[in-house]
Amino acid sequence: MNTISRIIGGAALAGAAVFGVAADADACSRILYEGTDSLYVVARSLDWKTPIPTNLYVYPRGIRKVSSDQPDAISWTSKYGAVYAVGYDGGITEGMNEKGLVINGLFCKGTVYGNEETAKRPPMSMAMFVGWLLDLNATTDEVVKVLEEQNFNIGGATFDEGTVSQLHWGVTDATGKSIIFEFDHGKVRVYDMGDYRAMTNDPQWPAMKAIIDYWNNIGGKNMLPGTVSSPDRCVRANYFAHHVKPVGEADLGVSIARSVLLNSSVPYTYEIEGAPNLSSTQWRSYSDLRDLRYYFDIVTNPGYYYVDLKEVDLRPGAPILKLDTSARDSKEYVGDVSKHFKKNPGFTPMY
């Protein structure tokens, strides 16, 4: 059965109910910066009400992995090397592989992963899902093909005292082609982003797209929505991503993408009386899909740093590498941090 609903452009929801979305506790943002000379930078923020310890791992090609500790789990051998951002040292939040494919997970409370039909399929842990896609696919179209087949049943452990990871994902490859995919009661819905360059959290993409279109018709030169709600952040990010200068210089392009993302991030320790669960930005990442540099930006650090996938050993048999972002000297990291990665047996998935 084909469970994909592909929406390119098109159908928008209207009305007061769409535009009156309240601010949620989760508050991640993702933008695509399009430069010149094939430069694309994906920038995202990770927002949560409490710190989410996140370390960086570089995995070479040729490693055998499994999707779950349950019976009939999917097994595979990695075709591409990749850098992963791993939350709680137990689950892959996002990553970029050596082909310039980046996948980022953002909270979306409208997500319902499964139904009676998907329950019969091989188990896929949230801890390994992004890794599975990055390990075996080079392009956005290849990811779409895997999603169309949907031969998996996604699920996983809770975190932060019982929170369920209700996510949707942004995918972009080295050509800039981008999709969002979401789970709707077991059905995977894939949306071609076209020229839209931002995503945040709720509502799901058809409704969010309608909100962006509404503000595009108003025009952002003199007025943009300014709160930290998911729709407001998405509108601001999309507007500025379209109105910054395209450049071909990687360092400058990353800086421009960073400035756009900062404009749609939630200030650290942001508080409102009576709303104790508001999220604020914990860290940001910037994936340069042309030059294969993955930047990491912890908001309490004075600087940010990167790993260059063209400079690390991704050959089969090479060691797994880990960067402990909480190490005593980590606040001093700036620029290339390859020398700070240490050999490691790999993270233990929280299946």
For this session: Begin with the C-alpha distance, continue with both residues' side-chain angles, and end with the deciding distance and a verdict on salt bridge (charged side-chain N to carboxylate O under 4.0 Å, His left out) for R315 and D313.
Result: CA-CA 6 Å; R315 293 173 298 179; D313 190 354; 2.9 Å; yes
Seminar exercise, completed: What one should report as the nearest heavy-atom pair of A198 and M193 is O-CE, 3.5 Å
Exercise. Mind checking what makes side-chain hydrogen bond (donor to acceptor under 3.5 Å, both in side chains) contact with K99, not counting sequence neighbours?
Worked result: none
Exercise. Hey, are the side chains of R61 and E98 touching, using non-hydrogen atoms and a 4.5 Å cut-off?
Worked result: yes
Seminar exercise, completed: Partner of F181 under ring pair (Phe, Tyr, Trp, His ring centres under 6.0 Å), picked from W205, W169, Y191, Y113, is W169
Problem set entry | Considering all heavy atoms, the nearest S38-R290 contact | O-CB, 3.5 Å
Exercise. With the 4.5 Å side-chain cut-off for hydrophobic clustering, are V334 and Y306 part of the same group?
Worked result: no
For this session: Indicate yes or no for a side-chain donor-acceptor contact from N55 to the backbone of T325 under 3.5 Å, with no hydrogens or angles considered.
Result: yes
Exercise. Between OG of S338 and CG of L309, what distance do you get to the nearest 0.5 Å?
Worked result: 9.0 Å
Seminar exercise, completed: side-chain contact (heavy atoms from CB on, under 4.5 Å) filter on T172, not counting sequence neighbours, yields R30, L32, V42, V102, S178, L289
Exercise. Checking S264 side chain against R236 main chain: does a donor-acceptor pair fall under 3.5 Å?
Worked result: no
For this session: Could you tell me whether the side chain of N97 and the main chain of N137 form a donor-acceptor pair under 3.5 Å?
Result: yes
For this session: With the side chain counted from C-beta on, respond yes when V307 and L323 share a heavy-atom pair under 4.5 Å apart, and no when they do not.
Result: no
Exercise. Should we say atom NZ of K65 is surrounded by more than 12 heavy atoms from elsewhere, each under 6.0 Å from it?
Worked result: yes
Problem set entry | Any residue meeting side-chain hydrogen bond (donor to acceptor under 3.5 Å, both in side chains) with S68, in chain and number order, not counting sequence neighbours | none
For this session: Verify whether one side chain among Y196 and D213 offers a donor that lies under 3.5 Å from an acceptor in the other.
Result: yes
Exercise. Hey, is D141 close enough to K177 for a salt bridge, meaning N to O under 4.0 Å?
Worked result: yes
Exercise. Parallel, tilted or perpendicular for Y59 and Y84, by the 30°/60° rule?
Worked result: tilted
Seminar exercise, completed: Separation between CG (D135) and CD1 (I63), nearest 0.5 Å, reads 8.5 Å
Problem set entry | Within 6.0 Å of NZ in K343, more than 12 heavy atoms from elsewhere | no
For this session: Kindly indicate whether the side chain of I320, heavy atoms from C-beta on, has any atom under 4.5 Å from the side chain of F347.
Result: no
For this session: Please tell me if the side chains of K342 and N344 come closer than 4.5 Å, counting only heavy atoms from C-beta onward.
Result: no
Exercise. With no hydrogens and no angle check, is any side-chain donor or acceptor of N115 less than 3.5 Å from a backbone partner on H185?
Worked result: yes
For this session: Ignoring hydrogens and angles, tell me if any N or O in the side chain of S45 forms a donor-acceptor pair with the backbone of R284 under 3.5 Å.
Result: no
Exercise. Going through the distances and angles, do Y270 and L278 end up as a side chain to side chain contact (heavy atoms under 4.5 Å, CB included)?
Worked result: CA-CA 7 Å; Y270 175 68; L278 281 174; 3.7 Å; yes
For this session: Tell me whether V41 is reachable from L252 by hopping between hydrophobic residues (I, L, V, M, F, W, Y) whose side-chain heavy atoms are closer than 4.5 Å.
Result: yes
For this session: Determine yes or no for a side-chain-to-main-chain donor-acceptor pair under 3.5 angstrom, with Y57 supplying the side chain and G346 the backbone.
Result: no
Exercise. Should V130 and T93 be marked as a side chain to side chain contact (heavy atoms under 4.5 Å, CB included) after you check the CA-CA gap, both sets of side-chain angles, and the distance that decides it?
Worked result: CA-CA 7 Å; V130 169; T93 302; over 6 Å; no
Problem set entry | Heavy-atom pair with the smallest gap, counting every atom of T36 and P246 | CG2-O, 3.8 Å
Problem set entry | Sole candidate of T200, N201, L167 that passes side-chain contact (heavy atoms from CB on, under 4.5 Å) when paired with C28 | N201
Problem set entry | F129-F152 aromatic ring centre distance below 6.0 Å | yes
Exercise. Rounded to the nearest 0.5 Å, what separation is found between the CD atom of E149 and the NZ atom of K145?
Worked result: 6.0 Å
Exercise. Is N301 reaching over with its side chain to a backbone N or O of G303, donor-acceptor style, under 3.5 angstrom?
Worked result: no
For this session: Please step through side chain to side chain contact (heavy atoms under 4.5 Å, CB included) for the pair H340 and S330, ending with a clear verdict.
Result: CA-CA 9 Å; H340 296 292; S330 64; over 6 Å; no
Exercise. Does some side-chain heavy atom of D291 sit less than 4.5 Å from a side-chain heavy atom of L39?
Worked result: yes
Problem set entry | Closest contact, heavy atoms only, T111 versus H168 | OG1-N, 4.4 Å
Problem set entry | Minimum-distance pair of heavy atoms, taken over all atoms of T175 and D173 | OG1-OD1, 2.6 Å
Exercise. Mind checking what makes side-chain contact (heavy atoms from CB on, under 4.5 Å) contact with T269, not counting sequence neighbours?
Worked result: none
Exercise. Hey, mind stepping through D232 and T227 against side chain to side chain donor-acceptor pair (under 3.5 Å) and telling me if it holds?
Worked result: CA-CA 6 Å; D232 284 11; T227 77; 2.6 Å; yes
Exercise. Is there a donor-acceptor contact under 3.5 Å from the side chain of T281 to the main chain of V266?
Worked result: yes
For this session: Work out which heavy atom in Y286 is nearest to a heavy atom in L261; give both atom names and the distance.
Result: CE2-CD2, 3.9 Å
Exercise. Any side-chain heavy-atom pair from R293 and D336 closer than 4.5 angstrom?
Worked result: no
Exercise. Side chain to side chain donor-acceptor pair (under 3.5 Å) between T77 and R64: does it pass, once the steps are laid out?
Worked result: CA-CA 4 Å; T77 299; R64 190 74 170 169; 3.2 Å; yes
Exercise. Among the clusters formed by ILVMFWY side chains lying less than 4.5 Å apart, do Y305 and L262 turn up in the same one?
Worked result: no
Exercise. At what distance, to the nearest 0.5 angstrom, does CE of M199 lie from CD of Q204?
Worked result: 10.5 Å
Exercise. In terms of hydrophobic clusters joined by side-chain contacts under 4.5 Å, are M223 and Y214 together?
Worked result: yes
Exercise. Taking only residues two or more places apart in sequence, or in another chain, which ones meet Y294 in a side-chain hydrogen bond (donor to acceptor under 3.5 Å, both in side chains)?
Worked result: E94
For this session: Report yes or no: do Y333 and V299 belong to one cluster of Ile/Leu/Val/Met/Phe/Trp/Tyr joined by side chain heavy-atom distances under 4.5 Å?
Result: no
For this session: Begin with the C-alpha distance, continue with both residues' side-chain angles, and end with the deciding distance and a verdict on side chain to side chain contact (heavy atoms under 4.5 Å, CB included) for V86 and K322.
Result: CA-CA 10 Å; V86 180; K322 175 183 177 179; over 6 Å; no
Problem set entry | pair L56-F296: side-chain heavy atoms closer than 4.5 Å | yes
Exercise. Under a 4.0 Å N-O cut-off, is there an ion pair linking R197 with D195?
Worked result: yes
Problem set entry | Test item: L136 and Y80 side chains (from C-beta on) under 4.5 Å apart, heavy atoms | no
For this session: Could you tell me which residues satisfy side-chain hydrogen bond (donor to acceptor under 3.5 Å, both in side chains) with W283, sequence neighbours excluded, listed by chain and number?
Result: T54
Problem set entry | Donor-acceptor contact below 3.5 Å, side chain D288 vs main chain V254 | no
